[in-house]
Amino acid sequence: MIKSDGLDRDKIKTNLKNRWIGSSIIVYKSTSSTNDVAVEYARNPDNHGTVIFAEEQTAGRGRGGNKWLSKKGDSTLCSIVLSSEQINPEILCLSCAVAVAEAVGKGAKIKWPNDIILNSRKVAGILLETKKYKNHTAYILGIGINCHQKQNDFPKEMRKTATSIDIERDSLIDRNTLAKRLLSSIEHWLDIAKKNSGKVIEQWQKLSILLHKRITVIYKSKKFTGNCIGIDPEKGLIVQLETGSVRMFDAAHTTIAKN
Ligand code: BTN
């Protein structure tokens with residue numbers, strides 16, 4: 001099948017007025033990391049809602065200092081500048097996970113804190129970075145969605161855990177259509193978050209693959225096993241441990257181990 005979905009800002013842009021997210025769209029053929037570019041735009045609060053896309057990143061990064069690899073044209077890679085956002089970062093993170101899952105479409109789930117899963121494999125990741133400037137704080141929402149990869153395109157150690165939309169849908173996704181849907185979905189969920197963050201948490205819980213499951217978390221190099229009973233937007237994952245006690249695990253220091 002031939003791909004003809006080179007990223008095109010005119011195809012991504014929506015004509016709707018009163019839109020913040022995607023009010024300005026910049027597409028790079030290649031850059032180090034869209035998050036690096038976005039940081040520069042975030043210096044100016046007027047750039048709120050600017051979105052940077054790239055066909056390729058030479059130094060894409062993921063959570064926990066990991067690299068984020070993708071061949072040119074295979075993914076939807078973007079960073080959204082939120083340089084005058086009032087939502088707290090925890091709710092921002094949850095809203096974004098819900099928005100990306102909905103943009104990916106049917107069957108997409110969330111693995112805490114914000115991996116997006118299709119058929120038990122990771123299809124997308126989100127990296128939220130905070131930047132403090134003299135007079136304002138900005139958030140950079142970096143999103144990578146695997147679109148056209150085939151299983152062998154992933155590094156060997158990831159082949160059993162990573163997937164792409166094309167693999168799961170058995171057809172070619174159009175990245176411009178996906179990007180447009182993604183920006184609308186982000187705008188929609190940020191709007192809801194401002195009005196009623198409880199709705200974000202409710203939707204996040206509906207999409208979560210961990211809720212009510214027995215999980216093992218690695219927290220500051222120690223393992224804890226128990227039943228995931230909820231999510232606290234500020235404190236993180238709520239786990240009823242096998243010992244009977246209830247503990248919270250924050251996203252910055254916790255990873256989920258395979259049970
Ligand atoms: C994760 O580890 O799951 C988060 C991955 C986030 C990757 C995206 S790709 C676009 C943006 N630019 C980056 O360098 N990283 C994020």
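Order of appearance sets the numbers: ligands from 1, and atoms from 1 within every ligand.
- Heavy-atom separations between N66 and ligand 1 are all 4.0 Å or longer.
- Using a 4.0 Å cut-off between heavy atoms, D36 makes no contact with ligand 1 at all.
- Within a 6.0 Å sphere centred on NZ of K235, heavy atoms belonging to other residues, nucleotides or ligands number 12 at most.
- Counting only heavy atoms of the protein, atom 12 (N) of ligand 1 lies nearest to Q57 OE1, 2.8 Å.
- Near L77, meaning under 4.0 Å from one of its heavy atoms, ligand 1 places the atoms 9 (S).
- Around the NZ atom of K194, the shell of radius 6.0 Å holds more than 12 heavy atoms that belong to other residues, nucleotides or ligands.
- With a 4.0 Å cut-off on non-hydrogen atoms, A54 does not touch ligand 1 at all.
- Note on ring orientation: taking the six-membered ring where Trp is involved, the planes of F224 and F249 are tilted (angle from 30° to 60°).
- In summary, the atoms of ligand 1 found under 4.0 Å from a heavy atom of R61, numbered by their order in the structure, are 6 (C), 7 (C), 13 (C), 14 (O), 15 (N), 16 (C).
- Annotation for ligand 1: atoms under 4.0 Å from non-hydrogen atoms of G60 are 14 (O).
- For S221, the side chain to side chain donor-acceptor pair (under 3.5 Å) criterion is met by no residue, not counting sequence neighbours.
- Atom 3 (O) of ligand 1 has K122 NZ, 2.6 Å as its closest protein atom, hydrogens excluded (heavy atom only).
- Residue R63 approaches ligand 1 through these ligand atoms, each under 4.0 Å from one of its heavy atoms: 1 (C), 2 (O), 4 (C).
- Around atom NZ of K122, more than 12 heavy atoms belonging to other residues, nucleotides or ligands sit under 6.0 Å away.
- Open room surrounds CD on Q86; 12 or fewer heavy atoms of other groups in view lie less than 6.0 Å from it.
- Listed by atom number, the atoms of ligand 1 under 4.0 Å from D115 heavy atoms are 3 (O).
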Donor-acceptor pairs under 3.5 Å, side chain of residues 89-107 to any protein atom, not counting sequence neighbours: which ones?
from : atom 1 : to   : atom 2 : distance (Å)
S95  : OG     : I91  : O      : 2.6
E102 : OE1    : W189 : NE1    : 3.0
E102 : OE2    : Q203 : NE2    : 3.2

Show the numbers, then the answer: is there a side-chain hydrogen bond (donor to acceptor under 3.5 Å, both in side chains) between S70 and Q57? CA-CA 7 Å; S70 173; Q57 298 182 122; over 6 Å; no
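- With contacts defined as side-chain heavy-atom distances shorter than 4.5 Å, the pair T130/T137 qualifies.
- By the rule that hydrophobic residues join a cluster once side-chain heavy atoms approach within less than 4.5 Å of another member, I186 and V37 end up as members of separate clusters.
- Heavy-atom proximity to S33, at under 4.0 Å, picks out these atoms of ligand 1: 12 (N), 13 (C), 14 (O).
- When each atom of ligand 1 is checked for a heavy atom of C78 under 4.0 Å away, the hits are 10 (C), 11 (C).
- For atom 5 (C) of ligand 1, the closest non-hydrogen atom on the protein side is W68 CE3, 3.3 Å.
- Looking at T31, L69, T34, T76, it is T34 that brings a heavy atom closest to atom 11 (C) of ligand 1.
- Which parts of ligand 1 touch G62 is read off a 4.0 Å heavy-atom cut-off, strictly below it: atoms 1 (C), 2 (O), 4 (C), 5 (C).
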